[in-house]
Protein chains: 2
Amino acid sequence: MTYNDKKQFYLAVDCVIFGYEDYKLKLLLQPRPIEPSKGEWALMGGFCGDAETLENAANRVLEKTTGLTNIYMKQVQAFSQVNRDPGGRVISVAFFALINIRNYDDDLLKQYGAQWFSIEEIPNLIFDHAEIVENAMQQLRRTAKIQPIGFELLPENFTITQLRNLYEAIYQCTLEPANFRRKIMSMKLLDRLPFKDKNSSRKGAYLYSFNQEKYENLSAQGFSFDISHAQM
Amino acid sequence: MTYNDKKQFYLAVDCVIFGYEDYKLKLLLQPRPIEPSKGEWALMGGFCGDAETLENAANRVLEKTTGLTNIYMKQVQAFSQVNRDPGGRVISVAFFALINIRNYDDDLLKQYGAQWFSIEEIPNLIFDHAEIVENAMQQLRRTAKIQPIGFELLPENFTITQLRNLYEAIYQCTLEPANFRRKIMSMKLLDRLPFKDKNSSRKGAYLYSFNQEKYENLSAQGFSFDISHAQM
DNA sequence: CCAAAAGTGTTCACGCTACACCCATGC
DNA sequence: GCATGGGTGTAGCGTGAACACTTTTGG
């Protein structure tokens, strides 16, 4: 090996898994399964394996702990404070993931003792996980303004009001319903379905689905998703 | 050690060093000093040491190869393709750095055989360095719109025209001089100095300097730097 | 008929664009 | 005085904010 004289490091991935429910942005946490700090609240994580990339490792962790594949996932950054993990010199690369909380396998929740926490009520976390969460949160907020990733947190079909509530949860703000609707509609990325959701009003609200194909076509033509000018 | 059964990895940092000169955004490259691929064009890099963070390592590399400290630097992301480095399983964490090309020590340039390349004329790079550069470039473009980092690439004192030319180089576009000037001025982040630069016009253009303190004060009050609506 | 949420219309103000125009100065 | 880049003025347009208004339907 060429680099024999160089130091080697343990490499971990930590997943900041976001979900949305009850008008709240939530975070999936589990009691840490191994020493040190066993039992304390932690992000879902694991070590990177020999033959896998960090992205592979993060997907493996996500699938194992949520039962879901094809999850939206993005690297946040590497965390490398020398003493961040009392168990050894471990560099952690964080990812944030967005999942539709309804698809989440409740059995796995029990199996790992995992729980969803509202982002306003996050318990004490091990190591530097609070910093990681804070960082992931910022990246989510930054990204959601300029890429259509909010849809990842909603069911396949949703109403405009649900979408607005989601953005209100992400940005902790209130948005003018009329203006939000027009802003989203003007992008022409949603397909209106022939059904209405009557759960929240007598009149009923049309359901929409995000059309990925339209988005890609428009993007190829120079279009950019952008809701950053909607009072956030 | 708690994690004895886990695999360990070599950890490198690679620095994408941007500079600005002759109306062009430039990148500092050096011939790779070690095997494999010795002598081919590569990013400035190095291995992470035992007692340092990745940020420490990147700063060490930057200081060694540019002679400069207190450089603006930001993590891009980790690159972990299994075969990205034929010399071994090396995970690389990339950083992008912005330096004032005038402060750069030309002796070091000779010492390392380093060269500045216009970002439009980047030679073939080793490993996945082209991908790293592409990624860093995107992050620079994204960041420069919403944070006042352009100034890092200019001398302490600069004219509004110079600043505009810089943004034109970053975004490969042309900007209306009158409108750009007003946009920047409206943020009230620049101090006008009592001198003029007469290099580029008979009338002379006032020199300005970026006032970091004002920026921090305004930021604390909810102000956000944003030039994203200046035809970019 | 009424309440309540969905959805539409309309006004206002601000900010970006485009371009005309003045300013200062070295030759 | 004129060419050149610095710098200002300004009209027009587009878009977001605010809020009034209409629509639909279960009780």
Side-chain angles (χ1 to χ4, degrees), chain A residues 22-23 144-146 154-155 157-169 171 173-209 218 222-232, chain B residues 22-23 144-146 154-155 157-169 171 173-209 218 222-232:
Chain A
D22 297 335
Y23 305 97
K145 282 186 190 180
I146 55 174
L154 292 176
N157 305 328
F158 51 85
T159 66
I160 302 298
T161 301
Q162 282 167 19
L163 185 62
R164 177 171 50 83
N165 288 333
L166 168 66
Y167 278 100
E168 291 177 336
Y171 293 102
C173 65
T174 59
L175 300 171
E176 194 61 38
N179 297 331
F180 179 82
R181 159 175 264 100
R182 266 187 296 256
K183 180 93 185 166
I184 290 291
M185 291 316 220
S186 71
M187 298 193 209
K188 300 188 189 305
L189 297 174
L190 301 185
D191 293 332
R192 194 173 85 176
L193 306 176
F195 334 117
K196 284 193 168 191
D197 170 25
K198 295 212 168 186
N199 289 318
S200 67
S201 83
R202 309 196 198 289
K203 181 178 175 183
Y206 279 109
L207 286 162
Y208 293 82
S209 68
L218 288 170
F223 163 84
S224 296
F225 181 90
D226 190 351
I227 54 165
S228 57
H229 287 266
Q231 1 145 234
M232 283 167 182
Chain B
D22 298 334
Y23 306 98
K145 282 186 189 180
I146 55 174
L154 292 177
N157 305 328
F158 50 86
T159 66
I160 302 297
T161 301
Q162 283 167 18
L163 185 62
R164 177 170 52 81
N165 288 335
L166 168 65
Y167 278 100
E168 290 177 337
Y171 293 102
C173 64
T174 60
L175 300 171
E176 193 62 36
N179 298 333
F180 179 83
R181 159 175 265 102
R182 266 187 296 255
K183 180 91 187 170
I184 289 291
M185 291 316 220
S186 71
M187 298 194 211
K188 301 188 187 305
L189 297 173
L190 301 185
D191 293 333
R192 193 173 87 175
L193 306 176
F195 333 115
K196 285 193 168 193
D197 169 26
K198 295 213 171 186
N199 289 318
S200 65
S201 82
R202 311 198 196 287
K203 181 179 174 182
Y206 278 109
L207 286 163
Y208 293 81
S209 68
L218 287 171
F223 163 83
S224 295
F225 182 89
D226 189 351
I227 54 165
S228 57
H229 286 267
Q231 13 156 217
M232 284 168 183

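Chain identifiers are assigned alphabetically (A, B, ...) following the order of the sequence lines, protein sequences preceding nucleic acid strands; residue numbering begins at 1 within each chain.
- Protein atom CZ of B/R164 is 11 Å distant from nucleotide atom C1' of D/dG7, rounded to whole Å.
- For the pair B/K198 NZ and C/dC23 P, the computed distance is 17 Å after rounding to whole Å.
- The residue among B/R202 and B/I160 whose nearest nucleotide of DNA chain D is located toward the 5' end is B/R202.
- Listed pair B/T161 / D/dG6 meets the phosphate criterion, a side-chain N or O lying under 4.0 Å from OP1 or OP2.
- With hydrogens and angles left out, the side chain of A/K203 and the base of C/dA6 share a donor-acceptor pair within 3.5 Å.
- The nearest whole Å value for the distance from the NZ atom in A/K196 to the P atom in D/dT23 is 13 Å.
- A donor-acceptor pair under 3.5 Å links the side-chain atoms of B/E168 to the main chain of B/L175, judged by distance alone.
- Side-chain contact of A/S224 with A/D226: a donor-acceptor pair under 3.5 Å is absent, judged by distance alone.
- Between A/N199 atom CG and D/dG26 atom C1' there is a gap of 14 Å when expressed in whole angstrom units.
- Atom CG in B/L163 sits roughly 12 Å away from atom P in D/dG7 (whole-Å rounding).
- The interatomic distance linking A/R192 (CZ) with C/dA6 (P) rounds to 15 Å, in whole Å.
- Between C/dA6 and A/S200, a contact under 4.0 Å exists linking OP1 or OP2 to a side-chain N or O.
- Aromatic ring centres of B/Y167 and B/F180 lie closer together than 6.0 Å.
- A/T159 comes within 4.0 angstrom of no nucleic acid atom, judged by non-hydrogen atoms across all strands.
- Within residues 175-189 of chain A, the residues that have a heavy atom under 4.0 Å from DNA chain D are, in order of number, A/E176, A/A178, A/N179, A/R182, A/K183.
- Residue B/I227 contributes atom CD1, which lies 11 Å from atom P of C/dC16 at whole-angstrom precision.
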